[in-house]
Amino acid sequence: MRWSQLHIPTLREDPADADAASHRLLLRAGFIRQLMAGHYCLLPLGVRVRAKVMAVIREEMNRIGAQEFLLPCMQPAWIWEKSGRLSVMGEEMFRLRDRKDAEVVLGMTHEEIFAFLGLELSSYRQLPQSWYQFQTKFRDEPRPKSGLLRVREFTMKDSYSFDADEAGLDASFEAHRAAYQRIFARLGIPAIAVEASSGNMGGSDSIEFMCPSPVGEDRVATCPACGYAANLEKATSALAAVEDPPAGDAPAAPRRLDTPGVRTIEDLAVGYGLAADRQIKTLVQVIDGKLTLVLLRGDHPLSDQKLIDATGALSIRPAQPEEIKAALGALPGSLGAVGVSGYRIIADLALRGRRGMATGANTDDVHLTGVDVDRDIRVDQWADLREVTPGEPCPKCGTALEFLQAIEVGHIFKLGRKYTTALGVTVAGPDGGPIVPIMGSYGIGVERVMAAIAEVHHDDAGLAWPAQVAPAEVTVVVISQRDEQVRAAAQAIYGSLLEAGVDALIDDRDVRPGVKYADAELTGIPLRVSVGSRDLADGVVEVTRRRTGEKERVRVDRVVPRLRELLAAG
RNA sequence: CGGGAUGUGGCGCAGCUUGGUGAGCGCGCCUGCUUUGGGAGCAGGAGGCCGCGGGUUCGAAUCCCGCCAUCCCGACCA
């Protein structure tokens with residue numbers, strides 16, 4: 001393509017509303033334009049990168065035997081009703097009515113629809129199946145942000161596996177895991193696979209592929225020694241045991257302690273010498289409309305996601321002080337679970353077997369000491385609820401955990417039979433009886449991947465795409481546009497590149513060379529060939545590598561093979 | 001949904017406090033001439049419902065009220 005005819009509206013100045021590097025540069029280099037919050041137009045260069053990202057993903061999906069589909073993004077509400085997710089998805093799902101007043105929705109994902117197609121599977125002998133598509137997803141995010149990183153409308157490569165049994169699912173899952181590793185490696189994304197929560201998808205084993213970046217919205221705990229890595233929503237750590245007083249020394253029942261004015265763990269620790277790790281923190285949460293007591297060690301923060309995962313809740317929120325007062329008789333600051341009945345009590349594992357603890361007495365300004373958790377509190381459910389903090393020991397090897405910010409670029413998880421059951425998918429098993437296939441679900445956000453690549457591969461001059469996904473591999477810069485010989489030589493090189501199968505552009509604009517150099521760098525094209533009268537007199541052109549800035553003079557008749565060499569070398 | 005900020009030619013901004021004079025600056029764009037190996041110079045020119053609606057006033061980009069939009073922080077989020 002001729003640059004002079006392409007719509008590449010580069011901006012000399014930084015856009016005002018772009019913060020993240022990918023957002024700023026994709027806008028400035030003319031890849032994207034915003035239509036409204038969370039909805040972006042892809043311009044020609046953006047479309048090219050997107051197509052190349054998709055091509056890489058498609059190749060690797062096909063390589064593991066997955067088959068490409070294309071399903072509607074507009075879907076009947078009833079199918080979501082059937083899976084039970086119409087209400088679960090809440091406000092995040094776009095809903096509308098057609099002219100017949102039928103309820104339809106814009107798909108946030110496609111488990112239901114692929115399961116619907118799975119109804120035509122009839123025998124276990126047809127399994128396994130892996131089905132995928134690239135399709136627009138719509139999610140009414142409360143806060144779209146950071147350009148392509150968090151949007152309301154985006155392309156997802158989503159795939160779904162159907163297997164006859166768990167062992168089959170394990171194999172499909174592993175195939176996808178391996179495919180994802182290859183995909184991100186080829187895309188130039190230093191993704192790390194981390195254990196994750198499966199959120200409201202339902203499912204068990206859940207692995208997120210994370211691209212470390214300061215603009216990432218997820219926090220990941222990693223172990224520098226053994227490679228343990230988990231999303232903070234899931235991460236655990238090995239805790240040193242807290243020494244409680246020997247059983248014999250403990251009082252037979254909790255003792256009342258008047259604590260006027262004490263409202264916080266800190267107050268109690270400082271004022272009464274009751275260390276935070278010897279306190280029970282009592283939080284009151286409203287879980288799906290029901291008041292619930294959540295207990296943690298005094299120095300431990302609650303992970304909302306872990307609470308959701310542990311309870312299967314659709315929604316949780318902290319209770320209001322009035323609700324708490326009405327239920328327990330005291331305000332936050334003096335709450336406890338001793339002797340409480342009629343409300344569900346969920347306790348963190350770190351409280352198990354603890355004795356001699358301090359907690360609120362459910363009377364304002366009064367606490368209890370000498371609390372024996374097993375003896376004094378009727379715990380309904382034990383769960384891992386606490387959020388780990390940096391420096392805590394790795395659960396696998398004990399080394400201090402490190403935290404990093406990351407962009408979630410992919411997510412794979414085992415769905416189980418939730419959707420096949422909901423939609424009534426069965427196949428005949430070896431004995432002739434019905435089998436409900438078990439599913440896996442695997443997603444990659446295409447535009448988010450583009451943004452992640454941009455986050456990882458850029459410098460002060462602009463983007464620096466890996467050749468595999470660059471909008472073009474080479475740009476031929478015509479330095480002296482008015483010089484007939486130069487134009488002809490550049491045109492010849494450009495033609496030879498196309499013939500050789502190189503994805504090349506020719507910058508034939510009638511502008512000064514500096515403008516062309518700057519745009520070549522801003523748009524991040526990996527290789528630049530500068531054709532000017534000075535070098536041409538010696539029969540050479542200049543080849544510049546975007547990443548390193550390395551320049552070399554190459555004889556005109558050697559330039560195509562040299563460029564192919566550089567591209568092959570990566 | 002809470003907190004903060006911003007809306008002025010395509011882009012980036014000033015003007016608003018203290019209402020009035022031609023709505024201005026840089027970049028970009030168009031024409032001409034010169035220029036051409038790192039974002040050219042000179043001359044001429046086009047382009048603005050000052051986010052929208054209402055109000056105050058002789059007079060509103062400017063003051064007041066309402067709304068909308070966008071961005072940032074938080075909540076939220078496969």
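Lettering follows sequence order; numbering is per chain, from 1. Nothing here was measured: the structure is a model prediction, and the numbers come from that model.
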Select base, sugar-phosphate, or nothing to describe what [X] touches, counting heavy atoms under 4.0 Å on all strands.
X: A/Glu91; value: nothing
X: A/Gly532; value: base
X: A/Ala16; value: sugar-phosphate
X: A/Ser146; value: sugar-phosphate

Minimum-distance nucleotide to [X] side chain [options: [options]]:
X: A/Arg143; options: B/C73, B/C76, B/C13; answer: B/C73
X: A/Arg528; options: B/G37, B/G38, B/C71; answer: B/G38
X: A/Asp304; options: B/U70, B/G37, B/C76; answer: B/C76
X: A/Arg482; options: B/G37, B/G39, B/U35; answer: B/U35
X: A/Ala37; options: B/C71, B/G39, B/C73; answer: B/C71
X: A/Pro142; options: B/G37, B/A75, B/G38; answer: B/A75
X: A/Leu11; options: B/G37, B/C11, B/C73; answer: B/C11
X: A/Met36; options: B/A40, B/U70, B/G37; answer: B/U70
X: A/Asp510; options: B/U36, B/G39, B/C72; answer: B/U36
X: A/Arg512; options: B/U70, B/C73, B/A40; answer: B/A40

Write out all pairs satisfying salt bridge (Lys or Arg N to Asp or Glu O under 4.0 Å) with one or both partners inside residues 474-489 of chain A, taking only residues at least two apart or from two chains.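 Matches after skipping sequence neighbours: A/Arg482-A/Asp510, A/Glu484-A/Arg487.
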Run the salt-bridge test on [X] and [Y] with the 4.0 Å N-O cut-off and return the result as yes or no.
X: A/Arg528; Y: A/Glu521; value: yes
X: A/Arg152; Y: A/Glu141; value: no
X: A/Glu322; Y: A/Lys325; value: no
X: A/Arg317; Y: A/Glu323; value: yes

Rounding to an integer number of Å, can you tell me how far [X] [atom1] sits from [N] [atom2]?
X: A/Gln34; N: B/G10; atom1: CD; atom2: P; value: 16 Å
X: A/Gln405; N: B/C73; atom1: CD; atom2: P; value: 11 Å
X: A/Gln481; N: B/A40; atom1: CD; atom2: C1'; value: 16 Å
X: A/Arg33; N: B/C11; atom1: CZ; atom2: C1'; value: 9 Å
X: A/Lys145; N: B/G4; atom1: NZ; atom2: P; value: 19 Å
X: A/Ile32; N: B/C11; atom1: CD1; atom2: P; value: 15 Å
X: A/Asp519; N: B/G37; atom1: CG; atom2: P; value: 17 Å
X: A/Asp140; N: B/A75; atom1: CG; atom2: P; value: 19 Å

Spacing of the P atoms in B/C67 and B/G2 (rounded, Å): 12 Å
Integer angstrom distance from the C1' of B/G22 to that of B/C27: 23 Å
Has A/Arg553 got a side-chain atom pairing as donor or acceptor with A/Asp535's backbone, closer than 3.5 angstrom?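 Side chain of A/Arg553 to backbone of A/Asp535, a donor-acceptor pair under 3.5 Å: no, none is there.
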For the side chain of A/Asp459 and the backbone of A/Gly462, is there at least one donor-acceptor N/O pair under 3.5 Å apart?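 Yes; judged by distance alone, with no hydrogens or angles, the pair exists.
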Could one point to a donor on the side chain of [X] or the base of [N] with an acceptor on the other under 3.5 Å away?
X: A/Arg509; N: B/G39; result: no
X: A/Glu521; N: B/G39; result: no
X: A/Asp535; N: B/G37; result: yes

Tell me which nucleotide, if any, is Watson-Crick or G-U wobble paired with [N] when both distances must be under 3.5 Å.
N: B/C76; answer: none
N: B/C49; answer: none
N: B/C58; answer: B/G20
N: B/A5; answer: B/U70
N: B/G12; answer: B/C25
N: B/G44; answer: B/C30

Lys/Arg cation over aromatic A/Phe154: A/Arg448, 6.0 Å, 45° cone: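 No, a cation-pi geometry is absent between A/Arg448 and A/Phe154.
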Nucleotide by nucleotide, nucleotides 25-30 of chain B touches protein heavy atoms under 4.0 Å in the pattern (B base, S sugar-phosphate only, - none) -BSS--
Partners meeting salt bridge (charged side-chain N to carboxylate O under 4.0 Å, His left out) with A/Arg95 (sequence neighbours left out):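 A/Arg95 satisfies salt bridge (charged side-chain N to carboxylate O under 4.0 Å, His left out) with no residue once adjacent residues are dropped.
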Aromatic plane relationship, A/Phe94 with A/Phe138 - under 30° parallel, 30 to 60° tilted, over 60° perpendicular: perpendicular
Both A/Arg28 and A/Phe154 contact RNA chain B. Which one's nearest nucleotide lies toward the 5' end?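 Residue closer to the 5' terminus by nearest nucleotide: A/Arg28.
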Contacts of A/Glu233 and A/Asp19 projected onto RNA chain B by closest heavy atom; the upstream (5') one is A/Asp19
